[in-house]
Amino acid sequence: MAKVSVQEIKELMKSTGVGMMDCKKALEANDGDMDKAIEFLREKGLATQAKKSGRAAAEGVVTAVVEGNVGVLLEVNTETDFAANTDDIKNFVSGVAKTIIDNNPADVDALKEMTISGGTATVGEVLTELAGMKIRENIVIRRFVRLEGVLASYIHNGGSIGVMVKLDTELTADQVSAIGKDVAMQSAALNAPYLCREQVPAEVIEKEKEIMLAQMAEDPKMASKPEQVRVKIVEGKVGKYYSENCLLEQAFVKDDKLSVQGYVDAEAKKLGGTIKVVDVIRYERGEGIEKKEDNLADEVAKMIK
């Protein structure tokens with residue numbers, strides 16, 4: 001069995017996207033012949049997907065699709081933004097979104113067992129083949145949500161952020177689509193953690209009040225004020241908390257003289273109806289996924305030793 005160098009392993013990894021140990025074994029098994037090692041890895045085919053599954057997939061794409069009164073917000077992750085921009089990934093994401101719309105799977109596991117829209121293989125089978133034979137990266141269907149009703153959506157920056165908005169209205173979807181998109185854009189831009197003040201947990205507000213009162217106690221000017229004055233000041237600060245953290249109470253980015261709720265109400269009045277924002281769901285690509293930073297040369301050298 002030939003002894004291979006760090007540089008050879010790095011070169012094979014770069015050209016194939018396969019993990020270090022697999023590349024080392026492939027080179028050793030083929031006496032350092034790069035072409036034969038590549039062929040060896042290609043023949044392994046689907047076996048490479050298992051090796052990739054532990055690698056962080058924090059890039060990818062978020063998509064939002066609305067067909068009639070059904071919509072889906074979907075995140076699919078890859079290891080690199082290069083892979084995310086390939087036609088293979090774009091077509092896969094489109095097919096998965098259509099599958100969700102048509103079949104309403106309960107979760108990602110159920111989705112993988114379904115035949116992909118427009119194809120004959122299951123979503124899971126297509127995913128495995130794509131990761132193992134074409135993209136050569138870990139690919140993950142991370143999450144999705146399927147909604148029904150009057151819907152609007154917005155995708156930011158080619159799929160870095162996606163937002164789906166559900167409206168309750170007697171107006172038509174065409175009449176309110178621009179309004180819904182404006183609300184979605186607001187969510188994409190400012191990422192309010194809550195839709196309205198009713199959604200803010202009571203314990204969150206109590207904690208905010210505790211912090212505010214503690215801050216006042218540390219300020220000599222504020223500490224000397226009567227308790228009822230301090231309580232009133234805190235209530236005012238809580239109002240500011242709502243205006244910053246509740247989407248419908250935020251200043252509307254296109255006209256800061258209005259809140260988002262004020263904008264929606266004004267537009268509904270112009271159209272002669274009512275509009276209620278009942279749900280806003282926002283996905284940001286890779287949020288919460290820890291990206292592992294490695295020194296490739298050091299890691300390869302360590303593995304060889």
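Just the heavy atoms: all of them, side chains too, but no hydrogens, waters or symmetry mates, feed the values below.
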Shared ILVMFWY cluster between [X] and [Y], side chains joined below 4.5 angstrom?
| X | Y | value |
| --- | --- | --- |
| Ile155 | Phe92 | no |
| Leu73 | Ile141 | no |
| Val62 | Ile89 | no |
| Val72 | Ile281 | no |
| Leu127 | Val108 | yes |

field: Salt bridge flag under 4.0 Å for residues Glu28 and Lys25
entry: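 No, Glu28 and Lys25 are not salt-bridged.
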
query: In a check of side chain to side chain donor-acceptor pair (under 3.5 Å) between Asn191 and each of Glu284, Glu287, Arg282, which one passes?
result: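 Among the candidates, only Arg282 passes.
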
Does any part of the side chain of [Y], heavy atoms only, come nearer than 4.5 Å to the side chain of [X], both counted from C-beta?
| X | Y | answer |
| --- | --- | --- |
| Met185 | Val253 | no |
| Val204 | Tyr194 | yes |
| Met222 | Gln215 | no |
| Cys246 | Val200 | yes |
| Glu208 | Met212 | yes |
| Val70 | Arg146 | yes |
| Glu267 | Asp182 | no |
| Met216 | Val234 | yes |

Atom [atom1] of [X] and atom [atom2] of [Y]: how far apart are they, to the nearest 0.5 Å?
| X | Y | atom1 | atom2 | result |
| --- | --- | --- | --- | --- |
| Thr115 | Asp102 | OG1 | CG | 11.5 Å |
| Glu198 | Cys196 | CD | SG | 4.5 Å |
| Leu147 | Lys166 | CG | NZ | 6.5 Å |
| Leu130 | Thr86 | CG | OG1 | 7.0 Å |

For the side chain of [X] and the backbone of [Y], is there at least one donor-acceptor N/O pair under 3.5 Å apart?
| X | Y | answer |
| --- | --- | --- |
| Glu75 | Arg142 | no |
| Lys112 | Thr122 | no |
| Asn103 | Pro105 | no |
| Thr99 | Gly95 | yes |
| Gln186 | Ala251 | yes |
| Asp33 | Asp35 | yes |
| Asn157 | Ser160 | no |
| Gln250 | Glu244 | yes |
| Arg285 | Gly60 | yes |

task: Step through the shown structure and confirm whether more than 12 heavy atoms of other residues, nucleotides or ligands are within 6.0 Å of CD on Glu218.
output: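 Open.
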
Side chain to side chain donor-acceptor pair (under 3.5 Å) pairs, two or more places apart, involving residues 227-242: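 The answer is Lys209-Glu235.
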
- prompt: Does Val150 sit in a hydrophobic cluster with other residues, and if so which ones, taking ILVMFWY side chains as linked at heavy-atom separations under 4.5 Å, directly or through other members?
  reply: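 Val150 clusters with Ile161, Val163, Val165, Leu167, Leu171, Val176, Ile179, Val183, Leu195, Leu247, Leu248, Phe252, Leu258, Val260, Tyr263, Val264, Leu271, Ile275, Val277, Val280.
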
